[in-house]
Novice: 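Got a structure for you, written out below as structure tokens; questions coming shortly.
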Protein chains: 2
Amino acid sequence: MTLKDLAQHLGLSPTTVSRALNGFPEVAEATRARVEAAARQHNYRPNTQAKRLATGRAMAIGHVIPISTQHEIVNPVFADFIAGAGEVYARAGYDMALTLVPDADQDRAYREIRSKGNVDGIILHGPRAGDARIALLEDLGLPFVVHGRASGITRPYAFVDVNNSRAFERATRFLLDLGHRRIALVNGIETMDFALRRRRGFERALAAADLTANPGLMVAGEMTEAQGHDAARAMLRRNEPPTAFLTSSLLSAMGVRRALWEEGLVMGRDVSIVTHDDELGYLKNGAEEPIFTATRSSVREAGRRCATMLLRMIEAPPPEPASELLEAVLVVGSSTGPARNLLSLRENP
Amino acid sequence: MTLKDLAQHLGLSPTTVSRALNGFPEVAEATRARVEAAARQHNYRPNTQAKRLATGRAMAIGHVIPISTQHEIVNPVFADFIAGAGEVYARAGYDMALTLVPDADQDRAYREIRSKGNVDGIILHGPRAGDARIALLEDLGLPFVVHGRASGITRPYAFVDVNNSRAFERATRFLLDLGHRRIALVNGIETMDFALRRRRGFERALAAADLTANPGLMVAGEMTEAQGHDAARAMLRRNEPPTAFLTSSLLSAMGVRRALWEEGLVMGRDVSIVTHDDELGYLKNGAEEPIFTATRSSVREAGRRCATMLLRMIEAPPPEPASELLEAVLVVGSSTGPARNLLSLRENP
DNA sequence: ACCGCTATTCAAAGCGGTTTGGATGGGGCA
DNA sequence: TGCCCCATCCAAACCGCTTTGAATAGCGGT
């Protein structure tokens, strides 16, 4: 069923039918009603490709997810982000196109996306410090919103980010206030901008308390359960073990918790844990009561915000890029408590 | 830079340029070389929309992920599956379009996808027993491959699935062979086909050993760490606690492990755990040595297979639907061991 | 020198929509 | 009654590419 068919069926011209369906004013209400009824009845949908060609708008947003060959993990946060963004697109009648781009030929990939013209805008995932893709997209003149930020890029660009440094600064201060002095950081890979910022926040809070970060108590890597476990285990066996851990992901936190158990330590009493919580659907931090004390910020919500911002940019290009900085809330669970001296604990448990 | 521009620039007709670039034989080699050079030099890319409209091929595959409002979890397996499928699409020049479809208006959504014509085929995620979408897609005449199967649908359809029942049957038998008699099942939601099959496999193995499943030792729900933990904790406090757990996901298994610890039990010695392992990037079952004994099958590989099968169907519709049944391998980790009597253990630990 | 064949190239007609620039006809107003 | 304007509708061009059907030219054969 094409527009033409429908028009013929109704004894109208394609023009009128098109206008009736697209809400143009110069069509009689009676006619519009007739057209709409017929369209519904015949289950007519305009062909996307034709519409795109005619209007020059792709009505689609591209999500480009980087696939680096070294650490080939697809960011687990991605699914939830997409779900949030997808809601917004669906409401606005946009499609969502995914492209996996190997780190190697990013340049080519983005240019191709641009010239193929099948998206109206792009959401950039997993920005790194000084990410070159931002300048590239700017050059290409394709509207884009970054999920996160890229330290070191000074030209303004549109982004939605969590205030990672502030979140981790607060979390660290929270632990310091509880009397903790040896705080370990189990972070994500620090070429990723979010991880870098978290470390900065961590160090800033320490500095404010006249402490300096101990390199032996900082680790950065894929945020997995194993990472948390292995890192914590090693650290807990040091001469001066940490009394608290700050982790970048619930999975890591769970790994740390396991290591505590193995060392016969009680979480929240002997050793504290604070983690960041992205509020992923399948990775909840307790039900009503949080288990882990956490800096919480919904990735799904970030998805919604990014999508909304991008659509707005596409409808009406703003004079200068907007941005949104979401504050994580610090929720207190049962994984934190006042510092205890682990060394003395070791001698007389 | 359009085809027409390029043609004019070269003093050729659009026809010839098009043919030169698309490798048709009826164009002189010299001309082809000239055209290609010019195209490269001007960085010409054919407009996707136009090409699609002209050829009638969308060069895109739709992934439809169901969003049920009750359990609004985006399947965590999804990201890895997509990564696998994406590899294949990229190589074949296909795009990937995501659509989130609320359970409510699936019918409408699929019809719309069909008539909008922006995908050449669909991959169906998260099939349920007797899933109505299969008949619908069949009706719509849109090529599709199901990731998983739908029990109760007898007409043949294309699918790629893990042999879930066999995997869980083997896992159960493995535990039985170790002397376990009270085996608990911590399953996914059993309206999902994969979960159903796993339970069947579980029950089949029990039946073969003249045992029947104890309803009190079976639980089905979202496969989260909390689920595993809560279920295991409750079960371990029964009069006749299970000596082994079979779980549908690593997350659940990790939850069970935590419950064991809390009850003062040692995994692999006092209580055994076998889990299914989808080999997700961010959820590894140990490094070289597996931690959990597991039925292992890569979701990413399943993604590749689905994509490959679908593209093949699109290129050349086969007389009847193909299918692939992947066998999970049973890898032995340190989470399993011979059954011990937990009741006696309780009295004299 | 003429003919048929093959190798190249091209004009024009789609693909299925949107959009521009009129037509047409009836109502209001002088 | 005549004229203008507005409300409505339509024919045709266009978006950028593919593809059909035909034209052209060069070549060998007789």
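In what follows, chains are A, B, ... by sequence order, proteins preceding strands, each numbered from 1. Values below: every heavy atom of this structure, side chains too, minus hydrogens, waters and symmetry copies.
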Novice: Does Tyr44(B) make a side-chain N or O approach to OP1 or OP2 of dC17(D) shorter than 4.0 Å?
Specialist: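 For Tyr44(B), the contact criterion (side-chain N or O under 4.0 Å from OP1 or OP2 of dC17(D)) is met.
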Novice: In whole angstrom, what separates Lys116(B)'s NZ from dG16(C)'s P?
Specialist: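 Rounded to the whole Å, the gap is 17 Å.
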Novice: At under 4.0 Å, does any side-chain N or O of Ser18(B) touch on OP1 or OP2 of dT19(D)?
Specialist: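 Negative; the distance criterion is not met.
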Novice: Between His125(A) and Phe78(A), is the ring centre distance below 6.0 Å?
Specialist: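 Ring centroids of His125(A) and Phe78(A) are less than 6.0 Å from each other.
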Novice: Can you tell me if Thr2(B) touches the phosphate of dG16(D), counting only side-chain N or O atoms and a distance under 4.0 Å to OP1 or OP2?
Specialist: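 Indeed not, no polar side-chain atom of Thr2(B) lies that close.
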Novice: Can you check the Leu53(A) CG to dA13(D) P distance for me, whole Å?
Specialist: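 Those two atoms, CG and P, are 17 Å apart.
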Novice: In whole Å, what is the span from the NZ atom of Lys51(B) to the C1' atom of dC17(D)?
Specialist: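 Atom NZ in Lys51(B) sits about 8 Å away from atom C1' in dC17(D).
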Novice: Using whole Å, report how far CG of Leu21(A) lies from P of dC9(D).
Specialist: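 These atoms are roughly 13 Å apart.
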Novice: May I ask you to say what Gly11(B) touches in the nucleic acid, namely base, sugar-phosphate or nothing, with a heavy-atom cut-off under 4.0 Å?
Specialist: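 Touches sugar-phosphate only.
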Novice: With the side chain of Arg19(A) defined as its heavy atoms from C-beta on, choose the nearest nucleotide among dT18(C), dT9(C), dC10(D).
Specialist: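 Closest nucleotide among those given: dC10(D).
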Novice: Please tell me if Asn22(B) has a side-chain N or O lying less than 4.0 Å from either OP1 or OP2 of dT18(D).
Specialist: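 Yes, because at least one side-chain N or O of Asn22(B) sits under 4.0 Å from OP1 or OP2 of dT18(D).
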Novice: Nearest whole Å is fine: how far is dA7(D) P from Arg32(A) CZ?
Specialist: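 The distance from CZ of Arg32(A) to P of dA7(D) comes to 14 Å, rounded to the nearest Å.
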Novice: Between Phe159(A) and His147(A) (judged by ring centroids, cut-off 6.0 Å), do the two rings come close enough to count as a pair?
Specialist: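 Ring centroids of Phe159(A) and His147(A) are no less than 6.0 Å from each other.
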Novice: Which nucleotide in the list dT20(D), dT18(C), dT9(C) gets nearest to the side chain of Val27(B)?
Specialist: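 Of all the options, the side chain of Val27(B) is nearest to dT9(C).
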Novice: Write down the distance between CD (Glu26(B)) and C1' (dA22(D)), rounded to a whole number of angstrom.
Specialist: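 Checked: the CD to C1' distance equals 14 Å.
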Novice: Is there a donor N/O on one and an acceptor N/O on the other, under 3.5 Å, for the side chain of Thr15(B) and the base of dT19(D)?
Specialist: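 For Thr15(B), whose side chain was compared with the base of dT19(D), there is a donor-acceptor pair (under 3.5 Å).
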Novice: Between Ser13(B) and Thr16(B), is the side-chain hydrogen bond (donor to acceptor under 3.5 Å, both in side chains) condition met? List the steps.
Specialist: CA-CA 5 Å; Ser13(B) 77; Thr16(B) 304; 3.2 Å; yes
Novice: Would you check if the distance from the ring center of Tyr89(B) to the ring center of His63(B) is below 6.0 Å?
Specialist: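 Centroid distance Tyr89(B)-His63(B): below 6.0 Å, so yes.
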Novice: Name the orientation class of the two ring planes belonging to Tyr282(B) and Tyr282(A) (parallel below 30°, tilted from 30 to 60°, perpendicular beyond 60°).
Specialist: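 Ring orientation of Tyr282(B) relative to Tyr282(A): tilted.
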Novice: Without decimals, in angstroms, what is the distance between Arg57(A) CZ and dG17(C) P?
Specialist: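 Answer to the nearest Å: 18 Å.
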Novice: Please evaluate the base of dT8(C) for a donor-acceptor partner in the side chain of Thr16(B) within a cut-off of under 3.5 Å?
Specialist: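 It does not, because no donor-acceptor pair links the side chain of Thr16(B) to the base of dT8(C) below 3.5 Å.
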Novice: So if I take every side-chain heavy atom of Asn47(A) and compare against dG16(C), dT9(C), dT19(C), which nucleotide ends up nearest?
Specialist: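 Nucleotide nearest to Asn47(A)'s side chain: dG16(C).
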Novice: What is the distance from CE of Met59(B) to P of dT18(D), rounded to the nearest Å?
Specialist: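 Result: 12 Å.
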